[in-house]
S.K.: 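One structure, pasted below without further comment.
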Amino acid sequence: MTDTTFGRYGGQYVPETLMGALGDLDEAYRRIRRDPAFEKRLSFLLHEYAGRETPLTYCANLSRDLSCRVYLKREDLLHGGAHKLNNTLGQGLLAQFMGKKRLIAETGAGQHGVATAIAGAVLNLPVEVYMGETDTRRQQLNVFRMQLMGARVVTVRQGTRTLKDAVNEAMRDWVANVRETHYLLGSCVGPYPFPGIVRDFQAVIGEETKRQIVQREGSLPAAVVACVGGGSNAIGMFSAFTGDPGVALVGAEAGGAGLATGQHGASLCAGSPGVFQGALSYLLQDGDGQVCETHSVAAGLDYPSVGPEHAMLRDAGRVRYEAVTDREALDAFRYLSRMEGIIPALESAHAVACARREAEKLDAGDILVINLSGRGDKDVADVAAMQGGLG
Ligand SMILES: *Cc1c(COP(=O)(O)O)cnc(C)c1O
């Protein structure tokens, strides 16, 4: 029987009606990822369309300030402005090779919906994106972006009208239309086989980084830092290094207003094992097992659980997870902008903040790699508003 877990985590906590679809996806993925035609088409898309490989940038100013050798992996320069396209192009193409005629997705802040709309447009597959009504109002620009690229945004008016409800509606659609539809998950979460598929499509980040740093420095980094929402940019970076015990791996979670306040998104730092979106992993839940409201200044980190592979890596002690508060992330947002002329996504600013702490443990010759998961243009207006206007 197929192992559907990462240690005790993961699995397939879904209605019986979806088991067939997950089995088909597993079988198709194993076959198609070895198909040279798939490999060729995906590498064309990643290279000529999305702009891979992305640079690994040596940052002289950060290095001087942090007293070690600091590099940024520039996923902010990928088409769409973040790492998300590695996954949506990969899964979109997989769906096409499976003969699927339609992509569906759910989105909270809209970033994954936009990345799915991009993939659907270039692959010529119709896209429908489920989004809670509350989120469609908060994220009107992303709704418009999706529509510009030909996606249909389905407004969800059930429940709290946010991500949880959008997930339920997308699941319902998938059950009803599974023959022609692929459900394109946005992070290394959900039931088996999604977490492994998403990791594999994001693993290009770590593979490139390892090759680039060895070429440039002739040695591996002392530490690698990435932010963790669902965990896809982090697992994509970490997976190349988990077998190298000398490389410290650090995941930065959304500490929100502070762990003590309960207003955060740090499921690995402060959660406990529970089932969410079809998998067992660390989960922010109350004493009755109800999923908590999460909060982060970074919309992409505002997720109450985390991919099951991270849960396993946490328990094994291979990756250390730390909470970064909104305030620290906002500081780091300004810091990187001023120091290097690179405005990071607020999500990625969590990794920068965490790296500033990590640098204190390193020697001058040590290499520190930060995964810059996305660019900050999307966050500039919000940050300006938080500091009291554009003045
Ligand atoms: C969506 C997003 C994240 C969080 O998602 P992961 O699956 O944890 O990578 C982080 N950074 C950026 C820029 C994002 O858009």
Side-chain angles (χ1 to χ4, degrees), residues 54 72-88 90-91 105-118 135 139 142 145 163 184-190 194-206 224-239 249-254 265-268 277 279 281-282 294 296-311 313-314 319 321 324 329 332-333 336 342-354 370-380 382:
T54 60
L72 297 179
K73 180 57 172 167
R74 303 293 304 279
E75 294 303 296
D76 62 317
L77 294 178
L78 199 68
H79 177 47
H83 69 291
K84 285 194 165 68
L85 199 63
N86 297 321
N87 172 47
T88 56
Q91 278 192 62
E106 97 286 315
T107 196
Q111 290 152 244
H112 172 57
V114 169
T116 305
I118 295 173
D135 290 329
Q139 302 289 341
N142 279 338
R145 279 191 185 99
L163 181 64
L184 207 161
L185 248 71
S187 190
C188 53
V189 300
F194 280 107
I197 292 176
V198 176
R199 176 206 54 221
D200 292 352
F201 287 137
Q202 293 291 1
V204 65
I205 302 173
V224 177
V225 184
C227 66
V228 178
S232 69
N233 86 86
I235 205 73
M237 174 58 97
F238 293 165
S239 56
L249 301 175
V250 188
E253 287 201 301
S267 33
L268 287 160
Q277 210 173 357
S281 186
Y282 277 81
T294 56
S296 169
V297 70
L301 302 185
D302 214 338
Y303 183 74
S305 187
V306 65
E309 193 169 2
H310 284 290
L313 290 166
R314 173 200 184 276
V319 181
Y321 296 89
V324 169
F333 180 86
L336 187 64
I342 297 171
I343 303 176
L346 279 172
E347 292 84 0
S348 321
H350 285 70
V352 175
C354 194
I370 306 169
N371 196 22
L372 202 72
S373 56
R375 65 171 184 235
D377 305 52
K378 67 182 178 60
D379 298 315
V380 168
D382 286 344

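Nothing fancy with the numbering, it's 1 onward along the sequence. Both ligands and their constituent atoms are indexed starting at 1 by order of listing.
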S.K.: Looking only at non-hydrogen atoms, which of V114, N233, D302 approaches atom 9 (O) of ligand 1 most closely?
M.R.: N233
S.K.: Strictly by modelled atom types, are S296 and D302 linked by a side-chain donor-acceptor pair under 3.5 Å?
M.R.: no
S.K.: Select one of side chain, backbone, both or neither to describe which atoms of H83 lie under 4.0 Å from any atom of ligand 1, heavy atoms only.
M.R.: side chain
S.K.: Classify the side-chain pair N233/E347 by whether it contains a donor and acceptor separated by less than 3.5 Å.
M.R.: no
S.K.: Between V306 and S267, which heavy-atom pair has the shortest distance, and what is it?
M.R.: CB-OG, 3.7 Å
S.K.: Could you list which atoms of ligand 1 come closer than 4.0 Å to a heavy atom of G374?
M.R.: 13 (C)
S.K.: Which residue and atom name correspond to the protein heavy atom nearest atom 4 (C) of ligand 1, and how close is it?
M.R.: G300 O, 3.3 Å
S.K.: Which heavy atom of the protein is the closest neighbour of atom 12 (C) of ligand 1, given with residue, atom name and distance?
M.R.: S373 OG, 3.5 Å
S.K.: Could you measure the distance from the CD atom of Q111 to the OG1 atom of T116? Nearest 0.5 Å is fine.
M.R.: 11.5 Å
S.K.: Report, in ascending order of atom number, the atoms of ligand 1 lying under 4.0 Å from any heavy atom of G231.
M.R.: 6 (P), 7 (O), 8 (O)
S.K.: Considering the heavy atoms of K84, write down every atom of ligand 1 situated less than 4.0 Å from one of them.
M.R.: 1 (C), 2 (C), 3 (C), 14 (C), 15 (O)
S.K.: In terms of atom number and element, which parts of ligand 1 are under 4.0 angstrom from non-hydrogen atoms of A345?
M.R.: 13 (C)
S.K.: Can you tell me if Y282 and E253 form a side-chain donor-acceptor pair at under 3.5 Å?
M.R.: no
S.K.: Centroid-to-centroid, Y321 to H310, below 6.0 Å?
M.R.: yes
S.K.: Under 4.0 Å from any heavy atom of G229, which atoms of ligand 1 are there?
M.R.: 8 (O)
S.K.: Do me a favour and list the nearest non-hydrogen protein atom to atom 6 (P) of ligand 1 with residue, atom name and distance?
M.R.: S232 N, 3.3 Å
S.K.: Between N87 and Q202, is there a side-chain donor-acceptor contact under 3.5 Å, judged purely by atom types and distance?
M.R.: no
S.K.: May I have the step-by-step check of side-chain hydrogen bond (donor to acceptor under 3.5 Å, both in side chains) for S373 and S348, ending in yes or no?
M.R.: CA-CA 5 Å; S373 56; S348 321; 2.7 Å; yes
S.K.: Please determine if G186 has a nitrogen or oxygen closer than 3.5 Å to a nitrogen or oxygen of ligand 1.
M.R.: no
